[in-house]
Number of protein chains: 2
Amino acid sequence: MKLTSKGRYAVMALADLAKFDNINPVSLRDISLRQGISLDYLEQIFSKLRKNEIVQSVRGTQGGYILKKKAKDIKLTNIFDAIDEKVKTVQCKKESKKSCNGKSTKCLTHNLWDELENHINNFFKEKSLEDLVKDNIERRI
Amino acid sequence: MKLTSKGRYAVMALADLAKFDNINPVSLRDISLRQGISLDYLEQIFSKLRKNEIVQSVRGTQGGYILKKKAKDIKLTNIFDAIDEKVKTVQCKKESKKSCNGKSTKCLTHNLWDELENHINNFFKEKSLEDLVKDNIERRI
DNA sequence: ATAAACCTGACTAAAATAGTCAAGTATGAA
DNA sequence: TTCATACTTGACTATTTTAGTCAGGTTTAT
Ligand code: FES
Ligand code: FES
């Protein structure tokens, strides 16, 4: 059970963006250098973040990205949804009435994994980008 | 972020074992048939469960496995530890002072992932095999 | 004896991940 | 206008992980 780099990078990059977000947009190049993430990979990630209205791009010289909403209103769950980083604990299709082993009733553990999925998603629903930035400021003092 | 089949199978097999655990040991063959899990794969999993004292083996004809502790005292966390199914959310080595991107201080998101890891592990520490079996009995009524 | 069932280690196909690479397009500034 | 910067897109690929399979045992109740 592990988090992928894509998810980690997306949040890390947005945290960086939120931190350095003044009047000027932040270039992916800067984020790449500061956070040590491949520029090409960042571009893939930000393409999805833009399509899902988490960030807004500013083209041209001195261009870059800015947050499209307030940091307070961007929850981790929005970020993960945007980049297709899903929490998947059950094996079966949830809607289908078939169990993961092909039988007609749900398997012995189905409910358990479903509970786990909710437990994890609750965490993502609560945490916002703002929480993250605040935590970093506090640590620095 | 997903659960592996190994983890899923281990818990499913132990739930089956707890459910059918009478005086007689339960053979992997039976579990394999009932739960639709490859016998060879089950053997790998049970080898670890035995070494970690979750189950006890009974060799010979009519042999099989029995739980080594009460279902109440077997938490999911014990099972996952036994089979090396780890929850890994941070990228860096926790002990090391280096961050995941090679810098000397922890990255912007380190604390967040660490919180998430605790959040998930708390779930595993609370749930026992007994909870699982109970849930299934209730559903059946 | 023999068959059932545990036990072990090595091997491998398939899938997912974590990127790289190439070839653009748009725009602000000199 | 020209140029550099930076976004944009899509295809490609090496690496790693996963989810098993396979072969060859050993133990023990009957
Ligand atoms: S996980 Fe849904 S039926 Fe097994
Ligand atoms: S996850 Fe620990 S430093 Fe980045």
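Chain identifiers are assigned alphabetically (A, B, ...) following the order of the sequence lines, protein sequences preceding nucleic acid strands; residue numbering begins at 1 within each chain.
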Quick one: do Lys127(B) and Glu115(A) make a salt bridge, cutoff under 4.0 Å?
yes
Take Arg59(A) and Gly64(B), find for each the nucleotide of DNA chain C with the closest heavy atom, and name the residue whose nucleotide sits nearer the 5' end.
Gly64(B)
What nucleotide, of dA6(D), dT8(C), dC6(C), holds the atom closest to the side chain of Arg29(A)?
dA6(D)
Between Asp114(B) (side chain) and His110(B) (backbone), is there a donor-acceptor pair under 3.5 Å?
no
For the side chain of Thr89(B) and the backbone of Trp113(B), is there at least one donor-acceptor N/O pair under 3.5 Å apart?
yes
Could you tell me whether a side-chain N or O of Asn136(B) sits under 3.5 Å from a main-chain N or O of Leu132(B), the two making a donor and an acceptor?
yes
Does any non-hydrogen side-chain atom of Leu129(B) lie less than 4.5 Å from one of Leu67(B)?
yes
Dump the pairs, protein N or O against N or O of nucleotides 15-22 of chain D, anything under 3.5 Å, distances to one decimal.
{"residue": "dA19(D)", "atom": "OP1", "partner": "Ser5(B)", "partner atom": "N", "Å": "3.0"}
{"residue": "dA19(D)", "atom": "OP1", "partner": "Ser5(B)", "partner atom": "OG", "Å": "3.1"}
{"residue": "dA19(D)", "atom": "OP2", "partner": "Ser5(B)", "partner atom": "N", "Å": "3.1"}
{"residue": "dG20(D)", "atom": "OP2", "partner": "Tyr9(B)", "partner atom": "OH", "Å": "2.9"}
{"residue": "dT21(D)", "atom": "OP2", "partner": "Ser38(B)", "partner atom": "OG", "Å": "2.6"}
{"residue": "dT21(D)", "atom": "O4", "partner": "Gln44(B)", "partner atom": "NE2", "Å": "2.6"}

Atom CG of Leu49(B) and atom C1' of dC7(C) are separated, to the nearest Å, by 14 Å
So, does Ser47(B) get its side chain near the phosphate of dC7(C), meaning an N or O under 4.0 Å from OP1 or OP2?
no
I need the CG-P distance between Asn24(A) and dG28(C), as an integer number of Å.
14 Å
Candidate nucleotides dT5(D), dT8(D), dT8(C), ranked by approach to the side chain of Thr61(A) - the nearest:
dT5(D)
So which one's nearest nucleotide on DNA chain D is more toward 5', Ser57(A) or Gln62(B)?
Ser57(A)
Between the main-chain N or O of Ile83(B) and the side-chain N or O of Lys6(B), is there a donor-acceptor pair closer than 3.5 Å?
yes
Counting only heavy atoms and a strict 4.0 angstrom limit, can you tell me which residues of residues 83-93 of chain B come near DNA chain D?
none
In whole Å, what is the span from the CG atom of Leu42(A) to the P atom of dC7(D)?
10 Å
Using modelled atom types and a 3.5 Å cut-off, is there a donor and acceptor pairing between side-chain atoms of Asp16(B) and backbone atoms of Met12(B)?
no
Regarding Thr4(A) and Glu85(A), is there a side-chain donor-to-acceptor distance under 3.5 Å anywhere?
yes
Can you tell which of dC7(D), dT8(C), dC7(C) lies closest to the side chain of Lys51(B)?
dT8(C)
What's the closest nucleotide to the Arg50(A) side chain, out of dT27(D), dC7(D), dT9(D)?
dT9(D)
Assign the ring pair Tyr9(B) / Tyr41(B) to parallel, tilted or perpendicular, where the plane angle (0 to 90°) is split at 30° and 60°.
perpendicular
From CD of Gln56(A) across to P of dA6(D) the rounded distance in Å is 18 Å
